[in-house]
There are 2 protein chains.
Amino acid sequence: MSSDGVAVAESLIAPAVEAPGARQSRRSTNTVTLDDVARHAQVSPQTVSRSIRTPDLVSEFTLERVRASIAETGYVPNLAASNLASNRSMTVAAIIPAISASVFADALHGLEEILAPAGYQLFIGSTSYRPAHEEELVRAFLGRRPDGIFIVGTEHSANTTHLLRESKVPVIEAWDLTDDPIDSLVGFSNRDAIRAIVEFAHERGYRHPTFAGSLQRGDFRAAARRASFEEAVPELFPGETVRVVDSGTSTVDYETGRRLLDETLKLHPETDVLMFASDVFAAGALLECTRRGIRVPDDLAITGFGDFEIGRHLVPTLTTVAVPNRQIGTVAGELLLARMNHTSAETAEVDLGFSVVARESA
Amino acid sequence: MSSDGVAVAESLIAPAVEAPGARQSRRSTNTVTLDDVARHAQVSPQTVSRSIRTPDLVSEFTLERVRASIAETGYVPNLAASNLASNRSMTVAAIIPAISASVFADALHGLEEILAPAGYQLFIGSTSYRPAHEEELVRAFLGRRPDGIFIVGTEHSANTTHLLRESKVPVIEAWDLTDDPIDSLVGFSNRDAIRAIVEFAHERGYRHPTFAGSLQRGDFRAAARRASFEEAVPELFPGETVRVVDSGTSTVDYETGRRLLDETLKLHPETDVLMFASDVFAAGALLECTRRGIRVPDDLAITGFGDFEIGRHLVPTLTTVAVPNRQIGTVAGELLLARMNHTSAETAEVDLGFSVVARESA
DNA sequence: ACGGCGTATGGCAGCGCTAACATCATGGTA
DNA sequence: TACCATGATGTTAGCGCTGCCATACGCCGT
């Protein structure tokens with residue numbers, strides 16, 4: 001082939017000039033790039049880029065050709081390169097304690113509902129309630145340069161807080177309130193919510209409340225709820241013992257609820273209203289009551305926390321506290337969008353409140 | 001200011017030479033880069049890179065200094081740049097129908113459990129059972145150049161299949177079996193599973209089975225389960241009408257289960273075993289039976305699908321089909337790891353099976 | 001006829017990192 | 001002593017894309 005001949009001749013004359021293939025290419029195999037599309041459409045790479053990102057600036061005629069070329073070549077833009085060049089990743093990082101906990105799944109759903117139409121993608125990581133893991137996760141996620149961060153909780157390690165503050169990325173802390181947020185805040189007061197349901201129990205005439213939950217290390221919201229109970233009881237029930245049953249680090253499931261009921265009956269048989277830190281526990285306990293023939297609420301009243309769907313279907317239906325899971329996600333999404341579009345530079349602290357849902361079980 | 005004066009003079013003499021700051025920097029504000037760390041530690045950038053990625057190749061002495069510099073400068077690696085240069089993103093994309101569905105959350109948990117220790121991060125997207133959305137999601141995710149893809153289901157649009165095939169990325173389809181996978185496959189036969197529980201009902205002596213589920217468009221696994229029921233009944237119950245109650249596009253929740261029970265009692269009062277497409281429906285129906293005083297299984301037997309935790313706590317406990325949710329995730333994770341490390345180039349088709357769990361409700 | 005303006009496109013450089021290769025000091029071996 | 005294998009570090013040249021600016025062209029008003 002004549003072209004080969006030319007190349008060889010050249011390399012004899014000027015050995016400094018690389019022979020084709022002397023240095024191995026670093027390109028990934030078979031990947032269509034923006035340049036390929038540009039060549040195919042006979043326009044500059046810049047025009048292809050514009051056709052994708054700001055089609056308004058490209059003439060109808062050119063746009064047609066570029067689109068056809070993209071389709072024909074099967075081009076898929078490399079967002080890592082785009083991210084690097086434009087310094088925007090079009091991603092939002094979401095850090096939650098557990099994927100399988102439905103409350104957080106609801107919030108993520110709300111978050112995605114707002115962000116996806118604006119072209120943002122969600123990076124999800126779960127900490128399993130371990131602060132050390134949270135820090136690791138924050139570090140790893142920051143490496144991907146998200147345009148926004150959604151994180152459950154207001155209590156983080158000093159390092160985590162520092163990392164987030166220094167990152168200059170809009171951060172939304174969710175699910176609780178605090179006086180000193182990293183940036184913005186969307187949630188409700190776990191403390192007030194528990195207080196409200198203790199007051200409810202008091203008004204209904206119950207006299208011997210017991211609180212039951214798991215005190216997983218790292219679950220600061222659960223801890224806040226327990227503390228709030230311990231604070232409210234002496235005020236509302238003067239002279240009454242403050243009874244708390246704790247399953248330790250157990251997972252949040254129906255089985256744990258059952259065990260918590262068991263322990264309560266053994267340790268505090270005088271209990272007339274058993275207040276759970278989660279509807280899941282309450283449901284497990286309620287079903288166990290059905291099995292054992294304990295009449296709810298006559299023998300023992302039960303309350304939950306979270307207003308999960310099952311509460312409306314249990315027999316008897318469950319008295320609980322409704323919490324705006326989904327709304328936490330949508331509000332957070334809207335706040336983030338405003339910040340990321342530079343529509344607003346303001347941080348916000350949104351208290352979405354809660355409500356006591358009185359049903360049959362108490 | 002004198003520096004301004006100099007700049008002007010220079011531009012008069014040699015306008016082609018850029019005055020400092022004439023072209024605006026594109027760097028993101030205040031970001032510490034690998035070069036900054038290198039300068040701080042007085043080593044080359046490459047050595048810093050090695051210190052992070054392959055510390056074995058760096059001397060103890062240098063490593064110490066680099067680590068100190070990283071800490072002091074607060075350096076956070078830019079993974080977009082790393083990704084671009086190395087052609088590895090260290091991410092796996094997971095595409096599931098719904099985040100809030102616990103079965104998929106379990107699988108994701110399993111997947112993460114395997115991938116996270118190996119340094120891979122999970123990108124999660126939900127399709128809401130819409131094939132068009134699935135395609136969009138696949139396209140967007142491919143743009144991030146994941147090293148592996150986990151996708152629920154074996155039925156995809158032609159475009160989706162084509163995109164995934166052409167991407168050359170290891171793909172695992174999950175939750176069902178097929179003769180023609182895109183790449184690898186981890187799941188169980190929804191068809192056989194339903195058949196097994198119909199056989200179970202037959203052996204237990206039930207004579208008038210009815211199937212109840214929602215037939216959401218896009219949920220091919222639900223459709224397969226229904227079809228399997230329609231296939232099994234004529235064989236096992238010759239002469240018996242094939243009764244199917246369908247809630248249309250309702251969401252999978254307890255309320256729908258209740259409505260399905262309602263409809264069944266109206267349309268097919270002869271039913272002696274009601275077989276649900278999900279434990280969630282079964283639980284909703286079972287609770288409604290309790291409320292109405294319908295005795296289970298004496299007046300009506302009930303079966304579910306999925307072996308959710310609640311089934312073990314309902315009164316009566318729920319007969320169902322156990323399905324290896326978590327294991328689907330872990331096995332998929334292991335297969336992906338092997339492919340991504342180039343330990344194995346082989347595709348695999350893994351049938352994890354299922355098992356009928358006989359409890360009190362049937 | 002001319003400069004000024006808006007629209008469409010192209011050229012250049014660089015985002016922050018790493019693969020590939022080059023270099024340089026060791027130490028052991030023939 | 002010359003030689004090469006080994007380990008530690010440096011140099012070069014991109015990865016694929018977009019920000020910024022330059023350029024080309026037609027249109028308008030004066």
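So that the names make sense, note that chain A is the first sequence line, chain B the second, and so on, each numbered from 1.
Closest approach of A/Asn341 to A/Tyr120, counting heavy atoms only: OD1-OH, 4.1 Å.
Counting non-hydrogen atoms of neighbouring residues, nucleotides and ligands closer than 6.0 angstrom, the CD atom of B/Gln42 reaches no more than 12 such neighbours.
Interface remark: the A/Arg50 side chain does not form any donor-acceptor pair with the D/dG19 base, using a distance-only criterion of under 3.5 Å.
OP1 or OP2 of C/dT18 has at least one side-chain nitrogen or oxygen of B/Arg53 nearer than 4.0 Å. In this model, the phosphate group of C/dC17 is not approached by any side-chain N or O of B/Ser86 to a distance below 4.0 Å at OP1 or OP2. A sub-4.0 Å separation between OP1 or OP2 of D/dG16 and a side-chain N or O of A/Thr33 is absent. Close to C/dG16, at under 4.0 Å from its OP1 or OP2, lies no side-chain N or O of B/Ser82. At the phosphate of D/dA8, neither OP1 nor OP2 sits under 4.0 Å from any side-chain N or O atom of B/Thr62. Between D/dG10 and B/Thr47, a contact under 4.0 Å exists linking OP1 or OP2 to a side-chain N or O.
Looking at the side chain of B/Ser49, the nearest of the listed nucleotides D/dG19, C/dT9, C/dT18 is C/dT18. Of the candidates D/dC17, D/dT9, C/dG10, D/dT9 carries the atom nearest the B/Val58 side chain, counting heavy atoms from C-beta on. Among the nucleotides C/dC17, C/dC15, C/dG10, the one closest to any side-chain atom of A/Ala85 is C/dC15.
Looking at which nucleotide of DNA chain C each of A/Pro45 and A/Asp56 is closest to, the 5′-most match is held by A/Asp56.
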